[in-house]
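The next block holds one structure in the form of structure tokens; read it before the comments.
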Amino acid sequence: MQPIIIVLIILVVLVFIALVKTIQVIPQASAAIVERFGRYTRTLNAGLNIVVPFIDSIRNRIDLREQVVPFPPQPVITQDNLVVNIDTVIYYQVTDARAATYEVASYIQAIEQLTVTTLRNIIGGMDLERTLTSREEINAALRGVLDEATGKWGIRVNRVELKAIEPPTSIQDSMEKQMRADRDKRAAILQAEGVRQSEILRAEGEKQSSILRAEGDAKAAALRAEGEAQAIRTVFESIHAGDADQKLLAYQYLQMLPKIAEGDANKLWIVPSEIGDALKGLSGAMGNFGPMGGGSPSGFNPQNSGKGGNDTTGAGDRREQPPID
């Protein structure tokens, strides 16, 4: 009985193993390559799949999702003979599991080596400054070359990105000094522009202030002159309205003489000729009140009232001079 039990157990184990090998469950976004006696038979897609046990074998399971592979820094020589280290990142996706399995031994290594050689060719035709500022151009060139080469491998390169471009330390120091000098230059230019604008605004403000001050002075002078003219008209109208005679005018002139003589520079008095008649009448009127009734009071002679001026005819006792032939 024991040998029969052992045989049954062996048969059960073989049946279980056969069932396990017959049913293949492939996860979503994955594919499996099936070989029969070492030859490619078919590709298993996601889901439940049946294969012939002990005849069909799973060669490779491939992830069909987009993959991200970073590559280590690679030294690259630029056109101006400077060595820079460039880090790259490749975004790729397997589109044909059969081609990725049989067309290339290791597509990851092939993509890396192709990226390095293509990058050296591209950077070799650029100088350092263009290399640092042309990332989009480099990415586009890399992607074009990789798409053309990896298409037959069943791989699609979606994106190529440059993580970092590191120039030599000495070049970095020179670039920092240049950038610092450029920043100082821009700061000096901005400061000079600020000072210039401030001076312009200050000058414009002074100009406007001078214009407004001059306009104010002109308006004030005009108003002052208008007021003086109005005062003169008022006085003139008052004099005419009061019907002032020559005696009153002569008296007012005598009151103004001390004020005219107050200045140190007033060495010459101008006596109007018309005032003579008024002074003559005034002298005659005041003489009537004197003790003799004929001369001017206090010996005042209007003929001597002006120094160096025109001779007046205001004396009350002026004698007639004989005519000169």
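Count residues from 1 along the sequence.
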### Message
For I90 and F71: C-alpha separation, side-chain torsions, deciding distance, then whether side chain to side chain contact (heavy atoms under 4.5 Å, CB included) applies.
### Response
CA-CA 8 Å; I90 303 296; F71 296 145; 3.2 Å; yes

Path from [X] to [Y] over hydrophobic side-chain contacts below 4.5 Å:
X: Y102; Y: I62; value: no
X: I155; Y: L114; value: yes
X: Y92; Y: V116; value: no

[X] atom [atom1], neighbour heavy-atom count above 12 within 6.0 Å:
X: R159; atom1: CZ; result: no
X: L14; atom1: CG; result: yes
X: E66; atom1: CD; result: yes
X: E226; atom1: CD; result: no
X: Q28; atom1: CD; result: no

Could you check if a side-chain atom of [X] sits within less than 4.5 angstrom of a side-chain atom of [Y], using non-hydrogen atoms only?
X: V13; Y: L11; result: no
X: T88; Y: Q74; result: no
X: R42; Y: V51; result: yes
X: I77; Y: I123; result: no
X: L119; Y: I138; result: yes
X: Q93; Y: R156; result: yes

### Message
I want to check a possible cation-pi pair here: R98 against Y40, using under 6.0 Å from ring centre and within 45° of the ring axis as the test.
### Response
yes

### Query
Would V89 and V69 satisfy side chain to side chain contact (heavy atoms under 4.5 Å, CB included), going step by step from the backbone distance to the final call?
CA-CA 6 Å; V89 179; V69 179; over 6 Å; no

Quick check: does any side chain N or O of [X] sit under 3.5 Å from a backbone N or O of [Y], one acting as donor and the other as acceptor?
X: T95; Y: G154; value: yes
X: T117; Y: Q113; value: yes
X: Q67; Y: R65; value: yes
X: T150; Y: L146; value: yes
X: T41; Y: R36; value: yes
X: T115; Y: I111; value: yes
X: D96; Y: V94; value: no

### Message
With side chain to side chain donor-acceptor pair (under 3.5 Å) as the test, pick out the partner of R202 among E199, E204, E206.
### Response
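Single pass found, and it is E199.
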
### Query
Below 4.0 angstrom, N of the basic side chain to O of the carboxylate: do R59 and E35 qualify?
yes

### Query
Hey, is R186 close enough to D182 for a salt bridge, meaning N to O under 4.0 Å?
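Salt bridge: no.
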
Heavy-atom pair of closest approach, residues [X] and [Y]:
X: Y107; Y: A100; result: CD2-O, 3.8 Å
X: R135; Y: A164; result: NH2-CA, 4.1 Å
X: I122; Y: A141; result: CD1-CB, 3.3 Å
X: A31; Y: L64; result: CB-CD1, 4.1 Å
X: N45; Y: I26; result: O-CB, 3.2 Å
X: P53; Y: A18; result: CB-O, 3.8 Å

### Message
Under the criterion side chain to side chain contact (heavy atoms under 4.5 Å, CB included), I'd like the reasoning laid out for L162 against D87: C-alpha separation, chi angles, the key distance, then a yes or no.
### Response
CA-CA 6 Å; L162 301 181; D87 297 348; over 6 Å; no

### Task
Report the distance from atom CD of Q191 to atom CZ of R196, rounding to the nearest 0.5 Å.
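So the CD of Q191 and the CZ of R196 are separated by 15.0 Å.
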
### Query
Between CZ of R130 and CG of L132, what distance do you get to the nearest 0.5 Å?
12.5 Å

#### Entry: Derivation and outcome, salt bridge (charged side-chain N to carboxylate O under 4.0 Å, His left out), residues D147 and R143
CA-CA 6 Å; D147 279 341; R143 181 179 176 182; 3.7 Å; yes

### Query
After noting the C-alpha distance and the side-chain angles of I165 and T131, does the key distance pass the side chain to side chain contact (heavy atoms under 4.5 Å, CB included) rule?
CA-CA 8 Å; I165 301 177; T131 301; 4.2 Å; yes

### Query
Does one side chain, of R61 or Q24, offer a donor that lies under 3.5 Å from an acceptor on the other?
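A donor-acceptor contact under 3.5 Å links the two side chains.
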
